[in-house]
A.B. asks: 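Below you'll find the structure I mean.
Only heavy atoms go into these numbers, but all of them, side chains included; no hydrogens, no water, no symmetry mates.
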Amino acid sequence: MSGVFNERVYKEVMKIPRGKVATYGQIAALAGKPRNARAVGYALHANPRQGVVPCHRVVFRDGSLAPGFAFGGPEEQRELLENEGVRFIPPAEGKPNAGAEGWRVDLDQCQWEA
DNA sequence: TTGGTGACTTACT
DNA sequence: AAGTAAGCCACCA
């Protein structure tokens, strides 16, 4: 298994405490490659331990969640994170949200710090 | 081995 | 401010 970096990512992601979230760049840095956020996403894509690795706690640097690729839907992820105590920011005022798209995580409050 | 793709990020226009 | 471009690294064919 040459996927050393991959396992490193899983380990770091599993270390994310409940009610907190981390960005791909953060995980990449913890994994040893601060410029390899892409591989982090790829690693979670190959996520063999879905259910064990809280990939829903990993978000974009912008606070947005992964596109339709999520474990079941952005709505599910939003509710899941919200259930863990993560604070969310609504998409916009006066504009109905077609779902959870547009919802961002409050990184200022809930970004995990190693 | 080489090439191509990708759940990203930063910088420039 | 928003959109486009390039860079980075790991995995698969």
A.B. asks: 5'-most contact on DNA chain B: A/Asn36 or A/Thr23, nearest heavy atom basis?
C.D. replies: A/Asn36
A.B. asks: What nucleotide among C/dC9, B/dT9, C/dC12 has an atom nearest to a side-chain atom of A/Tyr42?
C.D. replies: C/dC12
A.B. asks: Would you kindly give the CD-to-P distance between A/Gln26 and B/dT10, to the nearest whole Å?
C.D. replies: 11 Å
A.B. asks: Within this structure, what is the CD-to-P distance between A/Glu12 and C/dA10, rounded to whole angstrom?
C.D. replies: 15 Å
A.B. asks: For the backbone of A/Ala43 and the side chain of A/Tyr10, can you confirm whether one donor and one acceptor N or O come within less than 3.5 Å of each other?
C.D. replies: yes
A.B. asks: Using the side chain to side chain contact (heavy atoms under 4.5 Å, CB included) rule, pick out the option among A/Asn36, A/Val59, A/Val40 that qualifies with A/Tyr24.
C.D. replies: A/Val40
A.B. asks: Between A/Glu12 (side chain only) and A/Ile27 (backbone N and O only), is there a donor and an acceptor less than 3.5 Å apart?
C.D. replies: no
A.B. asks: Let me have DNA chain B in dot-bracket notation, would you? Count Watson-Crick plus G-U wobble pairs, both distances under 3.5 Å, and use [ ] for pairs crossing earlier ones and | for inter-strand partners.
C.D. replies: .|||||.||||||
A.B. asks: Taking side chain as C-beta onward, heavy atoms only, is A/Val58 less than 4.5 Å from A/Ile16?
C.D. replies: yes
A.B. asks: Kindly indicate whether the side chain of A/Val13, heavy atoms from C-beta on, has any atom under 4.5 Å from the side chain of A/Arg57.
C.D. replies: no
A.B. asks: Give the rounded distance in Å between these two atoms: OH of A/Tyr24 and P of C/dG7.
C.D. replies: 24 Å
A.B. asks: What are the two closest non-hydrogen atoms of A/Leu107 and A/Asp62, and how far apart are they?
C.D. replies: CD1-C, 4.0 Å
A.B. asks: Expressed as a whole number of angstroms, how long is the span from A/Lys33:NZ to C/dC11:C1'?
C.D. replies: 15 Å
A.B. asks: Among C/dG7, C/dC9, B/dA7, which is the nearest nucleotide to the side chain of A/Arg38?
C.D. replies: C/dG7
A.B. asks: Which nucleotide, C/dC9, B/dT9, C/dC11, lies nearest any side-chain atom of A/Ala37?
C.D. replies: B/dT9
A.B. asks: Could you state the CZ-C1' distance from A/Arg35 to B/dA11, rounded to the nearest angstrom?
C.D. replies: 13 Å
A.B. asks: Choosing from C/dC11, B/dA7, C/dC8, which nucleotide comes nearest the side chain of A/Leu44?
C.D. replies: B/dA7
A.B. asks: Between A/His45 (NE2) and B/dC8 (C1'), how many Å, whole number?
C.D. replies: 15 Å
A.B. asks: I need the OH-C1' distance between A/Tyr10 and B/dA7, as an integer number of Å.
C.D. replies: 11 Å
A.B. asks: Would you say the side chain of A/Trp103 lies within less than 4.5 Å of the side chain of A/Ile89, judging by non-hydrogen atoms?
C.D. replies: no
A.B. asks: If you only use heavy atoms from C-beta on, which nucleotide in B/dT10, B/dA7, C/dA10 is closest to the side chain of A/Phe5?
C.D. replies: C/dA10
A.B. asks: Report the distance from atom CG of A/Asp62 to atom P of B/dT10, rounded to the nearest whole Å.
C.D. replies: 11 Å
